[in-house]
Amino acid sequence: MAEREPRPRTVGVVLAGGVGRRVGHDTPKQLLEIAGRTILEHTLALFQGAPEIDEIMVLMAPGFTGEVERIVERNGFTKVGRILEGGASRPETTWRALRALGTRDCLVLLHDAVRPLAEPRIITDCVEALRTFSAVEVAIPSSDTIVVTSQGPHGEIVSDVPDRAGLRRVQTPQCFRLPVIREAYERAFADPGFGDRPPTDDCGVVLRYLPDVPIHVVPGSERNMKVTHPVDLFVADRLLRLAESDVPARSGAALREALEGRTVVVLGADDAAGAEVAKLAGHHGARVFPLLTSPVSPGPADSSKAQALPGTPEVVRVDDFRAVADALARVVKETGGIDYVVGAGGAPSGRIDAADDTAIAETVSLNHLGPVTVARAALPHLRETRGQLLFHVPCRAGDGEGDGLRAFAGAAVSGLTRALAEEWAGYGVRVNCVAPGRTEAPAPSDPSGPPAPRAVARTSLDVLASGVTGQVVDARP
């Protein structure tokens, strides 16, 4: 079999020149935050992680290139080679990018910065298509009927209803061999009438000025939405959180590779899920140090869990910084370092209006002050190992209907997770949490109920073995 010709250099051009007037912000919409990162960061991460992309160029709204430089440095986006100011219009911004690329042949993927949900598969398919075609459009079928209107005496009237079967909704990236898209734009800017009927996409320029060049269509995705209107921010946020929190289940061999010989500290090992984390991590070769949490007093069931744990569990007040720091220091003295810290433990449940002072104080101590204290004490050790802090959260923020105490706790830990992930990214420390719901097993009559402790523990190990950070991951039943 003949070897395939090596592909030319492939450049992802992220077009971020918009200012976001339609979303109602003065800040460029690509710098608005969704799912814990700016929209631009999500998009750059997509191209940074694509093996087909050799270089990334960013065209940014004038006055904001310094912010892009900070984003690139903070995230370690090593493929970003050039950051330029965009133009006054989309065609002008594209032309600035094409001029910066020079005359040497390469593959160019022009992508809207505000499409952060493009799938890696789309990039792969586009680059593959450019082996055969010189222009590639990403598009999806239209699920809505499209009508053509004209102006009537009292407003718009429908003048035509095209056959929906042949209609497509255009997305990005739009992809080209550089000589083709350069020639199309050179002809466009030489046309005095170009500005009177500007195209809305780059393939439109090729179609108008190089009509003999076939434009191949690569299937896009309904998820590859463009963040344009205020409601799009909410939709994209939810879709990104769902996508990023979908941590795949690891094989036993993969878990052993991630855990064998590593040191795992489990704070809250008297909780059912925490106890299972300790046992499963030990099963996969980790050195486990289970710590029981105070001020919750272990009852008979908790005592039996503690007896089943490896070693002699120590009792630590999670809201006492010195106590937690000393406990971790003793682990480091014995092992030389800590790779993972798991903060488990439940939360009081019930309605806020029915809770007494003790329940409120316990919730604040365990699920507000406790996680902050654990994080402060763990950071010096996790920085040394570039490790991970993993919380168990009673429920996701926004869940816990009718259970104000658990919702109160869930919102606090979820928010802290995302904030710490951003703060600690520069240290190489990851922070995540698993949302297990209640820690008791679901009743047989309610198979859709929350997962059992062992399932929570298994999901926790999958997260520890993954590369994600800042995520609230639902435990798999």
Side-chain angles (χ1 to χ4, degrees), residues 6-19 28-31 38-41 43-73 75-116 118 123 126-127 130 134-138 172-191 194-195 198-206 208-210 213:
R7 61 170 173 79
R9 178 174 61 109
T10 302
V11 183
V13 177
V14 177
L15 301 170
V19 294
K29 58 187 175 181
Q30 55 272 23
L31 296 180
T38 64
I39 295 173
L40 179 60
E41 283 177 275
T43 302
L44 291 177
L46 168 71
F47 280 84
Q48 176 73 27
E52 298 86 2
I53 299 298
D54 301 310
E55 179 186 346
I56 302 169
M57 179 187 295
V58 181
L59 277 292
M60 187 59 188
F64 290 92
T65 55
E67 182 59 32
V68 180
E69 292 171 357
R70 286 186 286 274
I71 286 173
V72 169
E73 182 178 0
N75 290 274
F77 292 141
T78 56
K79 292 183 181 179
V80 176
R82 281 172 281 187
I83 301 169
L84 308 174
E85 286 195 346
S89 65
R90 169 62 181 265
E92 185 179 337
T93 297
T94 299
W95 180 236
R96 289 189 180 190
L98 298 179
R99 285 188 303 176
L101 287 171
T103 58
R104 178 185 168 195
D105 188 20
C106 65
L107 308 184
V108 184
L109 279 67
L110 299 166
H111 186 67
D112 295 330
V114 288
R115 290 188 187 269
I123 293 177
C126 286
V127 173
L130 285 174
S134 296
V136 175
E137 181 101 271
V138 175
T172 65
Q174 296 189 356
C175 314
F176 309 91
R177 302 292 295 236
L178 179 59
V180 168
I181 189 64
R182 277 185 64 95
E183 182 180 354
Y185 266 95
E186 286 170 353
R187 294 188 180 191
F189 283 115
D191 177 8
F194 177 62
T200 56
D201 75 332
D202 300 300
C203 282
V205 179
V206 173
R208 191 188 307 181
Y209 293 99
L210 296 175
V213 174

> Got a sec, which residues hit salt bridge (charged side-chain N to carboxylate O under 4.0 Å, His left out) with E73, two or more places apart in sequence or on another chain?
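Counting only residues at least two positions away or on another chain, E73 forms no salt bridge (charged side-chain N to carboxylate O under 4.0 Å, His left out).
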
> Please identify each residue that fulfils side chain to side chain donor-acceptor pair (under 3.5 Å) with T78, with sequence neighbours left out.
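By the side chain to side chain donor-acceptor pair (under 3.5 Å) rule, T78 matches Q48.
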
> Please enumerate all residues that pass salt bridge (charged side-chain N to carboxylate O under 4.0 Å, His left out) together with D202, with sequence neighbours excluded.
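Result, salt bridge (charged side-chain N to carboxylate O under 4.0 Å, His left out) vs D202: R90.
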
> Within the structure provided, determine whether I56 and F77 are in side-chain contact (heavy-atom separation under 4.5 Å).
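In short, these two side chains do not touch, never coming nearer than 4.5 Å.
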
> Quick one: salt bridge (charged side-chain N to carboxylate O under 4.0 Å, His left out) pairs with a partner in residues 53-63, sequence neighbours left out?
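Every pair satisfying salt bridge (charged side-chain N to carboxylate O under 4.0 Å, His left out) with a residue in residues 53-63: R7-D54, R9-E55, E55-R82.
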
> Taking the side chain as every heavy atom from C-beta outward, state whether N75 and L44 have any pair of such atoms under 4.5 Å apart.
no

> Taking salt bridge (charged side-chain N to carboxylate O under 4.0 Å, His left out) as the definition, give me every residue that meets it alongside R177, ordered by chain and number, with sequence neighbours left out.
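R177 satisfies salt bridge (charged side-chain N to carboxylate O under 4.0 Å, His left out) with D105 once adjacent residues are dropped.
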
> Please confirm whether the backbone N or O of D112 pairs with a side-chain atom of T172, one donor and one acceptor, at under 3.5 Å?
yes

> Side-chain contact, heavy-atom cut-off 4.5 Å: L84 with R96?
no

> Run the salt bridge (charged side-chain N to carboxylate O under 4.0 Å, His left out) test against E52 and tell me which residues pass, sequence neighbours left out.
none

> Could you tell me if the side chain of T38 sits less than 4.5 Å from the side chain of E67, heavy atoms only?
no

> Do E137 and V206 have side chains that approach each other closer than 4.5 Å (heavy atoms only, starting at C-beta)?
no

